[in-house]
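First comes the structure, then the notes that go with it.
Within every chain, numbering begins at 1; the chains are lettered A, B, ... in the order of the sequence lines, protein sequences first and strands thereafter. Note that this is a predicted model, so its numbers are computed, not measured.
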Amino acid sequence: MNKTNKILRYISRRLLQGIPIILAIVVLNFFLLNMADGDAVDVLAGEAGSATPEYMAELRKKFGLDQPLPVQLAVYLKNVLSLDLGYSFRHDMPVAKLIIDRFWPTLLLMVSTIILAVGFGILLGLLAAISLNTWKDSVITIFALITYATPLFWVGLMMIVVFSLRLGWFPTSGMENIAAFYEGFDRVKDIAIHLILPTITLSLFYLALYTRMMRASMLEQYGLDYVVTARAKGVSERRITFVHVLRNAMLPVVTMAGVQVGALIGGSVIVESVFAWPGLGMLAFESLFARDLNLLLGIFLLSSALVVVVNLVVDVIYCFLDPRIEVN
Amino acid sequence: MNLTKTFSAAILAASVSLGGFAANAEKAGGSMVFLVQPEPPSLAGYVTTSGPVGLVSPKIYEGLFDYDNDGNIIPVLAESYSMSADGKTVTFKLRKGVKWHDGEDFTSEDVQFTIMDVLKKVHPRGPNSFKEVSSIDTPDDYTAIFNLDNPAPYMMRAFTGYESPIVPKHHLEGKDLKSAPLGNNPIGTGPFKFNEWKKGQYIRLDKNENYWGDDGPYIDRIVGRFVPDASTRTAAMEKGEVLYAAYNAVPNIDAVRLKDRDDIGVTTDGYSMINPMALLEFNTKEGPFVDAAVRRAISTAINRRFMIDTIFFGYGKPATSALSSNFKATGLHAEMPNYPENGDIAAANKMLDDAGYSKDGAGIRMKGVLDLIPYGEDWRRGGEYLKQVLGDIGIEVELRYEDVPTWLKRIYHNYDFQMNLNYFYQLADPVLGVHRHYGTNMIRKGTHFVNSSRYSNAKLDDLLRAGMTQPDEIKRAAIYKEIQTILAADMPVVNLFELEFLTVYNTKLKGAYGSAMGAYSSFSGAWLD
């Protein structure tokens with residue numbers, strides 16, 4: 001059996017295995033979320049300032065919140081299996097539409113963050129490892145240590161103060177200039193400018209992580225037997241570093257990046273909040289306090305599916321990075 | 001910086017249709033971005049009174065009246081009204097030539113439908129405001145006659161576009177009011193038309209070119225932006241990305257820093273019909289605070305001035321009775337004992353000694369839990385101060401801070417609390433905003449922001465009823481004086497201070513400050529310099 005076929009079979013099997021995992025996550029989340037006191041009606045009525053008990057009972061009936069929990073769960077699961085994520089009563093919109101609207105900004109932020117963090121992380125880690133114990137190594141290590149230890153919201157606010165208020169290079173927040181109504185390429189440019197500060201802020205933390213990891217991983221590989229063998233064979237240091245060591249040292253970084261994609265959706269809440277970026281993290285955060293459970297479950301469903309898929313992608317990338325690893 | 005009366009009067013003259021007075025300084029055009037925080041759940045201002053909805057919906061929907069900063073009526077959809085001698089028939093003459101944003105004519109049918117079928121049924125406060133309205137006659141398209149069971153003087157102050165928005169009958173009739181498409185695609189008569197709502201980002205309104213008013217609207221677009229983080233909101237204000245931020249969207253701590261700038265102004269105007277009051281609610285049925293003497297002692301100990309100055313940066317007025325001093329305008333407010341501005345620890349200690357609560361070896365008389373309203377840091381600091389000051393009179397306090405749904409459930413559903421730091425909107429009349437806190441009929445399990453103390457006093461109930469229907473101002477004032485006297489003695493709720501919300505604005509924005517509704521007004525007269 002050839003390799004491509006093998007990989008395809010592997011992927012489809014993993015995807016099938018993912019379905020019960022995702023369903024289990026949904027059920028678990030459903031009960032966890034229902035353990036919180038108060039429901040969506042309490043919040044809506046609380047925000048409204050006052051409401052009659054009849055009004056609240058009517059709302060509960062309409063939202064299906066007057067049903068016993070197992071019935072609510074059965075209804076929800078039935079809907080999910082028919083690919084219907086339900087209705088957000090708070091937003092008065094289908095959950096799927098809300099999530100998709102907010103998914104693109106999240107994806108944009110996530111992808112640019114991963115590229116920046118993984119790219120520069122690998123580069124800086126590599127640079128530190130090959131310049132071990134020189135001033136370059138020290139500068140990179142200290143930089144990584146500081147960015148790793150600094151709280152994200154503080155970095156975000158300082159970015160705004162310095163680059164937006166003092167220097168005036170970037171807008172403070174938002175995804176686009178909403179008073180300008182740009183179209184076409186102008187709009188792309190406008191969104192790109194708005195994307196810069198949040199991306200840098202969010203990637204700093206991960207960048208530090210990957211730098212440190214890459215550096216350690218490179219140093220570890222340098223000490224292994226195959227490097228000694230390569231040197232003995234007279235392979236140039238350059239070739240050893242870039243062809244042999246680098247490729248192997250990247251494995252842990254890729255693993256870590258895969259695991260963290262899931263965390264990035266949630267971890268961007270702070271950055272989304274500081275920069276008013278209209279992503280999923282903020283939506284999840286607000287839905288929690290609004291007890292908008294349908295919406296929250298939908299977001300969890302999407303992120304668990306995303307984690308399953310990304311982990312699969314990472315496993316497949318392994319085989320290309322290291323031919324010794326085989327899928328089976 | 002407070003806007004002076006003269007300034008607001010000048011703006012008012014320019015913003016209401018007084019033809020000859022209309023100043024010629026207004027410039028047309030431009031986009032006005034302002035802060036809406038948090039993102040509203042919907043734009044159905046006829047179903048919810050939620051704050052962020054109030055920031056947007058009154059630009060689209062109008063009421064019969066607006067009110068100026070002195071409480072005088074400004075005609076909007078109604079040009080005038082007359083009241084019969086017994087106060088039971090109120091006739092409104094409606095404005096002619098007003099069109100809904102979809103081009104249909106606005107008529108008395110819309111008014112009748114809005115009050116009888118919408119506000120009286122699904123609005124959170126409508127059933128109270130229009131309690132006495134039994135029917136509305138529409139002899140012609142531009143006359144609406146309200147028939148009342150009893151006189152309702154307070155109703156005349158509930159006609160703003162925020163409190164009682166008039167909605168199009170032809171879009172709601174026969175539909176489920178709470179889920180009708182109108183909720184997310186509003187169609188009103190106001191100076192701005194709904195254009196787009198980008199969830200998580202902004203709501204955009206466009207100028208209504210067919211608006212009935214001669215003066216305004218001037219601005220081409222109004223965009224309400226959602227920015228979750230308070231520091232970022234301040235930065236956006238500093239950078240001029242947003243021009244208007246009301247209801248403390250820019251927190252006091254930043255507002256006091258920004259107000260010295262030439263391009264930024266800060267005002268406390270525009271909240272007199274909202275009338276927010278910070279207060280402590282007590283559980284009067286169980287727990288350590290069932291004795292009124294203890295509650296009086298607590299009220300006596302608290303240094304209200306200190307709370308205002310240190311926690312709210314000087315914005316606020318010490319409470320002097322159960323009613324806000326803003327009710328002085330209608331003669332209803334009377335100063336009462338037991339509300340010392342600077343607190344009196346010695347007197348409070350003596351009150352507790354006299355009531356028989358003695359200190360133990362550690363100086364503690366009793367223990368209690370204080371719940372804090374989960375609406376931000378200021379209230380946590382307020383709680384920390386209260387813990388300290390109550391410690392001084394021998395009451396050991398434990399603080400509890402939960403998220404909104406949990407807190408609402410605890411206080412208004414389970415009554416599982418002893419003492420709760422909170423604030424209430426007293427609104428334009430005590431009947432609308434204060435009665436709900438004290439009446440026996442307002443002990444409603446599961447309803448928020450009503451009588452959670454479960455205080456019940458038959459004599460007070462009679463007085464509240466009398467105050468509701470008494471049309472004579474002097475007699476009404478006497479009734480409310482008695483109400484305040486009873487509440488100053490029983491204190492199921494200890495009023496702390498009148499909150500002064502801040503509006504921070506860019507001085508480029510003019511003409512948005514004439515209405516008593518402030519940020520909840522229509523902005524028809526607003527323009528950009």
Problem set entry | Interface moiety of B/R204 toward chain A, non-hydrogen atoms closer than 4.5 Å | side chain
For this session: Consider only side-chain N and O atoms of B/Q37 and B/Y247, and report whether a donor and an acceptor are under 3.5 Å apart.
Result: no
Problem set entry | Which portion of B/Y202 sits near chain A, non-hydrogen atoms under 4.5 angstrom | side chain
Problem set entry | Under 3.5 Å donor-acceptor, A/E272 side chain and A/G281 backbone | yes
Problem set entry | Part of B/V227 lying under 4.5 Å from any heavy atom of chain A | both
Seminar exercise, completed: Honestly, the part of A/I160 sitting under 4.5 Å from a heavy atom of chain B is side chain
Problem set entry | B/K199 to B/W197, cation-pi by 6.0 Å centre distance and 45° axis angle | yes
Problem set entry | Pairs of heavy atoms under 4.5 Å with chain A: top-ranked of B/N414, B/V223, B/N184 | B/N184
Seminar exercise, completed: Residue pairs passing the salt bridge (Lys or Arg N to Asp or Glu O under 4.0 Å) test with at least one member in residues 103-112 of chain A, sequence neighbours excluded, are none
Seminar exercise, completed: With sequence neighbours left out, the residues meeting ring-ring contact (aromatic ring centres under 6.0 Å, His included) with A/F205 are A/Y148
For this session: Between chain B and each of A/L283, A/V161, A/D101, A/L157, count heavy-atom pairs under 4.5 Å; write down the option with the most.
Result: A/L157
Exercise. Of all of B/R225, B/R233, B/K198, which one pairs up most often with chain A through heavy atoms under 4.5 Å apart?
Worked result: B/R225
Exercise. What residue in B/K445, B/E402, B/R221, B/K409 has the most heavy-atom pairs under 4.5 Å with chain A?
Worked result: B/R221
Exercise. Where the side chain of B/R436 meets the backbone of B/M442, is there a donor-acceptor pair that is under 3.5 Å apart?
Worked result: no
Problem set entry | Considering all heavy atoms, the nearest A/N177-A/H194 contact | N-CE1, 3.4 Å
Problem set entry | Contact class of A/P171 relative to chain B, heavy atoms under 4.5 angstrom | both
